[in-house]
Protein chains: 2
Amino acid sequence: MSDLLERLRGRGWRMTAQRRVVAEVLNGEHVHLTADEVHARAVTKLPEISRATVYNTLGELVSLGEVLEVTTDKRAKRYDPNAHRPHHHLVCARCGAIRDVHPTGNPLADLPDTERFGFTVSDVEVTYRGLCPDCAGA
Amino acid sequence: MSDLLERLRGRGWRMTAQRRVVAEVLNGEHVHLTADEVHARAVTKLPEISRATVYNTLGELVSLGEVLEVTTDKRAKRYDPNAHRPHHHLVCARCGAIRDVHPTGNPLADLPDTERFGFTVSDVEVTYRGLCPDCAGA
DNA sequence: ATCCTACAGTGGACTTTGTCTAAGTCAAAC
DNA sequence: GTTTGACTTAGACAAAGTCCACTGTAGGAT
Ligand SMILES: [Mn+2]
Ligand SMILES: [Mn+2]
Ligand SMILES: [Zn+2]
Ligand SMILES: [Zn+2]
């Protein structure tokens, strides 16, 4: 993630302890944390960081394209640092576990012109739902 | 929609003015209203209907399978009476307009076993995003 | 090294969306 | 017409997120 910090400094980001901690928390694969989860983890490293700053920083990372917003459930938005490899999500309907998945094929090609209503379609989001091995029981 | 009311009565639903009004409001094609939008429209027909009743009634319609919950944006859930024809959604990124779409192909088949992480995958939701004709400008 | 200041952070009030509960009301079975 | 349990209501409460006035500081200028 120091890649990320370098890139951000290059873009004129003022480097602060708060921003460094948020970037650290968002490190890893299959990471899809809510803003308050990010805050909870950030607080263990920098106790005085505020909720507002976490929200602000996440919002900036999203508009810089370094982090994706994912809304897999109807509850809180989740923040996904895996922004540089396009992917979709597989969600457990019971426990909420989320996995990054890479389906074959291009769903954009599956939407005929007659079903586009004159829209300029630029993106498609696919969410698979089911039960994870634990929640499926035996 | 009196089809719906008949079906619900048959299922033992007690028929009240409030439930009738909510069902009336949810009549039509390409309808994707938030709970508070449903409430606002219901109030014009039955001024004393409460928010709690609208939420309760929508929740019941969803668990009866008569209405779908769709979460196309990160804001309020939307309620979709078109529950009997499977479909996906096309959303304008700028104004939020929503259209029902019927892509060809089966996205479930596009998720290889190696990308299922042992999940029992039962459902897939596809959201297309772009700009509607109005928002794409001239 | 110190100063300066525009940018960043803070706590708290506020908003939106949704849930819950206690008390009152009424649809429908008899 | 009475009875009764399901239904409705107002308002308190909660979770997720935004906004603002004020305070603090990173990093360039001196
Ligand atoms: Mn992801
Ligand atoms: Mn729909
Ligand atoms: Zn699970
Ligand atoms: Zn539009």
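Just so it is clear, the structure is predicted and the values come from calculations on it, not from any experiment. Throughout, protein chains are lettered first and strands after them, A, B, ... in sequence-line order, and every chain is numbered starting at 1.
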Return the value, rounded to whole Å, for the distance between atom CG of A/Leu58 and atom C1' of D/dG17.
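Value for this atom pair: 12 Å.
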Whole angstrom value for the distance that separates P of D/dA15 from NE2 of A/His39
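So the two atoms are 15 Å apart, to the nearest Å.
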Excluding sequence neighbours, so at least two apart, what forms side-chain hydrogen bond (donor to acceptor under 3.5 Å, both in side chains) with [X]?
X: A/Arg78; answer: A/Glu37
X: A/Arg129; answer: B/Glu125
X: B/His39; answer: none
X: B/Glu69; answer: none

What is the bend of the helix from C/dA1-D/dT30 to C/dC30-D/dG1 when you compare the axis at one end with the axis at the other, using five pairs each and rounding to 10°?
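End axes: 20° apart.
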Show which residues join B/Val101 in its hydrophobic cluster (side-chain heavy-atom contacts under 4.5 Å, direct or indirect), or state none.
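For the cluster that includes B/Val101, the remaining residues are A/Leu90, A/Val101, A/Leu108, A/Leu111, A/Phe117, A/Phe119, A/Val121, A/Val124, A/Val126, A/Tyr128, B/Leu90, B/Leu108, B/Leu111, B/Phe117, B/Phe119, B/Val121, B/Val124, B/Val126, B/Tyr128.
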For a quick test of reading the model, state the closest non-hydrogen atom pair linking B/Val91 to B/Gly96 and the distance between them.
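That closest heavy-atom pairing would be CG1-O, 4.3 Å.
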Please give me the minimum heavy-atom distance between B/Val54 and B/Ala35, naming the atom from each residue.
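Scanning both residues completely, I find the closest heavy atoms to be CG1-O, 3.7 Å.
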Can you list every pair that meets salt bridge (Lys or Arg N to Asp or Glu O under 4.0 Å) and has a residue in residues 45-63 of chain A, with sequence neighbours left out?
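Counting only pairs at least two positions apart or across chains, the salt bridge (Lys or Arg N to Asp or Glu O under 4.0 Å) contacts touching residues 45-63 of chain A are A/Arg19-A/Glu60, A/Glu24-A/Lys45, A/Asp36-A/Arg51.
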B/His30 NE2 to B/Asp80 CG distance, which is reported to the nearest 0.5 Å:
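Between atom NE2 of B/His30 and atom CG of B/Asp80 there are 10.0 Å.
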Hey, are A/Arg11 and A/Glu66 close enough for a salt bridge, meaning a charged N less than 4.0 Å from a carboxylate O?
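Judged by the 4.0 Å cut-off on N to carboxylate O distance, A/Arg11 and A/Glu66 do form a salt bridge.
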Residues from residues 8-21 of chain B lying under 4.0 Å of DNA chain D - heavy atoms
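Per residue number, the list reads B/Arg14, B/Thr16, B/Gln18, B/Arg19.
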Under the 3.5 angstrom rule, does the side chain of B/Gln18 hit a backbone N or O of B/Ile49 as a donor-acceptor pair?
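Side chain of B/Gln18 to backbone of B/Ile49, a donor-acceptor pair under 3.5 Å: no, none is there.
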Taking B/Thr44 for its side chain and B/Ala40 for its backbone only, find out whether a donor-acceptor pair lies under 3.5 Å.
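Not at all, since once roles are kept as given, no pair shorter than 3.5 Å links the two residues.
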Nearest-nucleotide comparison on DNA chain C, the residue closer to the 5′ end among B/Arg78 and A/Thr53:
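Nearest nucleotide further toward 5': that of A/Thr53.
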Mind listing the residues from residues 68-76 of chain B sitting with a heavy atom below 4.0 Å of DNA chain C? Number order is fine.
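Within this stretch, B/Arg75, B/Ala76 sit under 4.0 Å of the strand.
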DNA chain C contacts made by residues 45-52 of chain A, counting heavy atoms under 4.0 Å:
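Only A/Glu48, A/Ile49, A/Ser50, A/Ala52 qualify.
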What ring pair (Phe, Tyr, Trp, His ring centres under 6.0 Å) pairs are there with at least one residue in residues 59-87 of chain B, not counting sequence neighbours?
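Every ring pair (Phe, Tyr, Trp, His ring centres under 6.0 Å) pair that includes a residue of residues 59-87 of chain B, provided the two are not neighbours, is B/His87-B/His89.
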Please test B/Asp100 against B/His32 for side chain to side chain donor-acceptor pair (under 3.5 Å), starting from the C-alpha separation and ending with a verdict.
CA-CA 10 Å; B/Asp100 291 344; B/His32 306 92; 2.8 Å; yes
Along DNA chain C, first and last positions that approach a heavy atom of chain A under 4.0 Å
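Both ends considered, the range comes out as C/dA6 to C/dG11.
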Report yes if the side chains of A/Cys95 and A/Cys135 come closer than 4.5 Å at any heavy-atom pair, otherwise no.
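In contact.
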